[in-house]
Amino acid sequence: MIDFQGYGPRLLDGALLTFELAVLSLILAVALGLLAASAKLSGSRLAHGVATFYTTVVRGVPDLVLMMLLFYGGQIGVNMLTDQLYYAFDIDIFININAFVAGVVTIGFIFGAYMSETFRGAFLAVEEGQMEAARAYGMSGWLAFRRIRFPLMMRHALPGLGNNWMVLLKTTALVSIIGLTDMVRVAAEATKATHEPFLFMIPVALGYLAITSVSELVMLWLRKRYDTGFEEQD
Amino acid sequence: MNRLSPRLVGALLLPMLLGAGVSVQADEAAADGEERDIVRIAVDVPYPPMEYRTPEGELTGFDIDLGNALCERAQFECTWVVQNWDGIIPGLMARKYDAIMSSMRITEARSRRVLFTEPYALSPKVWVARQGRDIDIADRAGLKELNVGVQRGTTQDRYVTERYGDVLDIRRYATADDVAVDMQSGRLDLAFLNYPVALDTLQITRPESDFTQLGPRINSPQSIFGKGNAIAVRPYDRALAEAFNRALDDVYRDGTFERLMQRYFDYDIRPPSRD
Amino acid sequence: MQQWLTEIAPWLAQNDIFTPATLAQYWQGLVNTVQLVFISLLVGVVLAVPLAIARGSRWPWLKWPIWFYTYIFRGTPLLIQLYLAYYGFAFIPGIQETWLWFFIDDPTYPALLAFTLNTAAYTTEIFRGAIKATPRGEIEAARAYGMSKVLAYRRIILPSAFRRALPAYGNEVIFMLHASAIASVVTIMDLTGAAYYVYARFYSPFPAFIFVALVYMALSFGIQGIFRQLEKRMLRHLRSGS
């Protein structure tokens, strides 16, 4: 057994935090991505403009810089809002965005932009005839989305989604720089204390590889599922 | 044309808002100056022996012990928040916590942003080099080609930048620990550190240590190093600063300060105002 | 230029953050970022071309180690690779006395090592995909002309693969520019390092980071524009129908 010199439990905690952070950010990113893709495809010029601005900014600025801006700026922005509430309506609340929430929001926000491109393409790839058929069956908008458009769209979105997930997972390592104790942060602290970089960094690297490898298997299974009813193509 | 109904957009938006997961809490004394019970104090770790974490992850150190003693006197319920040095003042202004107690020097630039209590300690700064290296700090010409490690944004950073920026290659690190690590690896020729930190991480006074102090301990000019370390609060939280000041008087008077000082240091760290 | 300077001079005098000193800091950061990214990309491409060809080889002892290399470097965060490059060699006992120390001493070389190996891994896979997608007809035509394998690669397969790889490679270049922001954690004064410095000095995150974000954005769009032009020129033959 490897001797982690007392850092074992903290490394495990860090791994758990990395995983939770990644999964929650993914959920937020998918939601934001669907929203931004919808906005881009909606007829509204304003929605289209806002969504385009959002994806352009995110794709032009490094994740780390965005993280610094959102992590500190986010709290200041929320405070300005609550201060206004206090002055205007005498409602005194303080919303504390803790580091973990800030991490989730930041990574979700960044990857929402990438997801929106994936979803936009996938929305467009669904044949309109399918939706017309759904309407002809008398399905409501939401039902038609859930039963018809979403499953059909997912088939096209999956490869991009999988790709984004892998990049997102690796991006979570950056939260160690802004002070969250994920597994990279614990490994870095341990490295500096013990001067054993390989002892701590390699298991953490293996942790990432384990998550990506399992994800790849899940993607394969999902792809098969959403491919049901379509002919095998090359 | 592929259009989506507004209802659909709404349906997608709702779980997002609910899922944002912010914790809402009332802030007892945000504006009304009423005595607050919970005080959140930020520290930057590791900065041994002032504040650091045990391998198990527990916070400890001189600032932590003194801070807890002060909170007991002032009857605050204190919680400690770990915050990177880089963001420690913006975090205070952003109300992520109510005070900073992290060996922060009172300086003019900082005083423009935050309100300081009376100084509670004065830790000198010191030049450190590897044992046996022949370096003379006073000989500026001899410093060319050498590098020095400092923690970014500290008074040490400012001192080295202003006094030696033209001769030394300055490498700025996120934490003081990183500076010590690169002294040990041999990447750095010099380090300019807080004296207690240099004692603890590089053991500069031990004869068997690889590192040694160069020149005297440095505490001046006051325009850079200030009057000492103090607790920082938001400018409008005067009541909180006053409460800390009263508690400080108490711990100096009843010997608690001296007891804590002796636990961590074998030299005097009392600021001039308390001598 | 002169007039422009005299116009912004009063504005510069009023604000206490964007002084000539901090602007010089940002400029130095820009130079460092561009150097770091450019050298990594250049060496990365030089490494990636033979690796991509060998990755498609029939010999397992050639193919699998390369697969393993790209798998590891693409599957783990660049930050870990950077930490390993920076701290990994520094603590090997006695290394200070060897000639290798010259490269370990300066933080630029470990960062270059990590960045280069990382981008080479991604670029290998991009080229690999592009080579694999070479239309069979092109290869058969080369064979029919009696070209040797080496000649066919040089004249037919690689040029055609490069063109196909261009859009994906453009993304990789921008990705590398953004990823290079972590160089600041090993004390390199790149653009982000300069922003950190200004931020730590004046305690206000917004001006320091928004300014640097705009610089990165300008660089990103510049790169994007260059690649669009390149694509237009080099992929012209593919759009003959439109």
Side-chain angles (χ1 to χ4, degrees), chain A residues 18 56-77 110 114 163 166-178 182-185 187-188 190-192 194-213 215-216, chain C residues 33 68 71-93 118 122 171 174-186 190-193 195-196 199 203-224:
Chain A
T18 297
T56 311
V57 168
V58 169
R59 278 140 50 103
V61 180
D63 299 350
L64 182 62
V65 175
L66 272 178
M67 215 172 257
M68 295 298 296
L69 273 171
L70 290 177
F71 188 63
Y72 296 116
Q75 180 76 61
I76 292 170
I110 292 169
Y114 294 101
N163 222 0
M166 307 280 186
V167 184
L168 182 151
L169 177 69
K170 284 176 274 166
T171 302
T172 59
L174 296 184
V175 298
S176 64
I177 300 175
I178 58 170
D182 73 328
M183 57 179 170
V184 179
R185 169 106 179 178
T191 294
K192 288 164 193 169
T194 63
H195 299 183
E196 302 257 22
F198 293 100
L199 174 64
F200 296 102
M201 289 292 172
I202 295 207
V204 169
L206 290 178
Y208 281 100
L209 285 175
I211 303 178
T212 44
S213 302
S215 311
E216 231 148 323
Chain C
T33 290
F68 185 72
Y71 178 73
I72 298 285
F73 276 83
R74 290 161 72 235
T76 55
L78 179 58
L79 185 59
I80 291 188
Q81 296 159 23
L82 180 65
Y83 277 135
L84 274 176
Y86 189 75
Y87 289 115
F89 304 104
F91 292 116
I92 299 172
N118 185 273
Y122 280 94
N171 283 340
I174 293 177
F175 177 80
M176 206 54 227
L177 170 71
H178 290 180
S180 75
I182 61 169
S184 51
V185 304
V186 292
D190 70 332
L191 269 174
T192 308
Y196 264 122
Y199 164 41
Y203 312 110
S204 44
F206 280 122
F209 282 102
I210 287 178
F211 182 79
V212 90
L214 291 175
V215 178
Y216 276 113
M217 244 159 124
L219 281 176
S220 305
F221 294 140
I223 294 168
Q224 215 172 52

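Worth knowing before you read on, the calculation uses all heavy atoms, side chains too, and leaves out hydrogens, waters and symmetry mates. Numbers restart at 1 for each chain; the letters A, B, ... are given by sequence-line order, proteins then strands.
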Engineer: Less than 4.5 Å to any heavy atom of chain A: does that hold for the side chain of Phe91(C), its backbone, both, or neither?
Structural biologist: side chain
Engineer: Pair Thr191(A), Tyr83(C) - check side chain to side chain contact (heavy atoms under 4.5 Å, CB included), show working.
Structural biologist: CA-CA 9 Å; Thr191(A) 294; Tyr83(C) 277 135; over 6 Å; no
Engineer: What part of Ile210(C) is in contact with chain A, defined as an atom under 4.5 angstrom from a non-hydrogen atom: side chain, backbone, both or neither?
Structural biologist: both
Engineer: For a quick test of reading the model, state the closest non-hydrogen atom pair linking Ala213(C) to Leu69(A) and the distance between them.
Structural biologist: CB-CD1, 4.4 Å
Engineer: Between Thr172(A) and chain C, which part of the residue has a heavy atom less than 4.5 Å away: side chain, backbone, both or neither?
Structural biologist: neither
Engineer: Which pair of heavy atoms, one from Gly88(C) and one from Phe198(A), lies closest together, and at what distance?
Structural biologist: O-CE1, 3.3 Å
Engineer: Between Ile177(A), Val167(A), Leu169(A), Thr212(A), who has the most heavy-atom pairs with chain C when the cutoff is under 4.5 Å?
Structural biologist: Ile177(A)
Engineer: Could you grab the distance from atom OG1 of Thr76(C) to atom CE of Met201(A), nearest 0.5 Å is fine?
Structural biologist: 11.5 Å
Engineer: Examine whether an atom of Ala205(A) lies under 4.5 Å from a heavy atom of chain C, and if so say whether it belongs to the side chain, the backbone or both; otherwise answer neither.
Structural biologist: both
Engineer: So which heavy atom on Pro197(A) is nearest to which on Tyr87(C), and how close?
Structural biologist: CG-O, 3.4 Å
Engineer: Could you tell me the separation between the CE atom of Met68(A) and the CZ atom of Phe209(C), rounded to the nearest 0.5 Å?
Structural biologist: 3.5 Å
Engineer: Which bit of Leu79(C) is near chain A, if near means a heavy-atom gap under 4.5 Å: side chain, backbone, both or neither?
Structural biologist: side chain
Engineer: Could you tell me whether the side chains of Tyr71(C) and Ser213(A) share a donor-acceptor contact shorter than 3.5 Å?
Structural biologist: yes
Engineer: How would you list, by chain and number, every residue that makes a salt bridge (Lys or Arg N to Asp or Glu O under 4.0 Å) with Lys170(A), sequence neighbours excluded?
Structural biologist: none
Engineer: Go through the structure and list residues passing ring-ring contact (aromatic ring centres under 6.0 Å, His included) with Phe221(C), not counting sequence neighbours.
Structural biologist: none
Engineer: What distance do Tyr196(C) atom OH and Leu64(A) atom CG have between them, rounded to the nearest 0.5 Å?
Structural biologist: 4.5 Å
Engineer: Return the minimal non-hydrogen interatomic distance between Pro62(A) and His178(C), and the atom names on each side.
Structural biologist: CB-O, 3.5 Å
Engineer: Quick check on Ser220(C) against chain A: is it the side chain, the backbone, both or neither that has a heavy atom closer than 4.5 Å?
Structural biologist: side chain
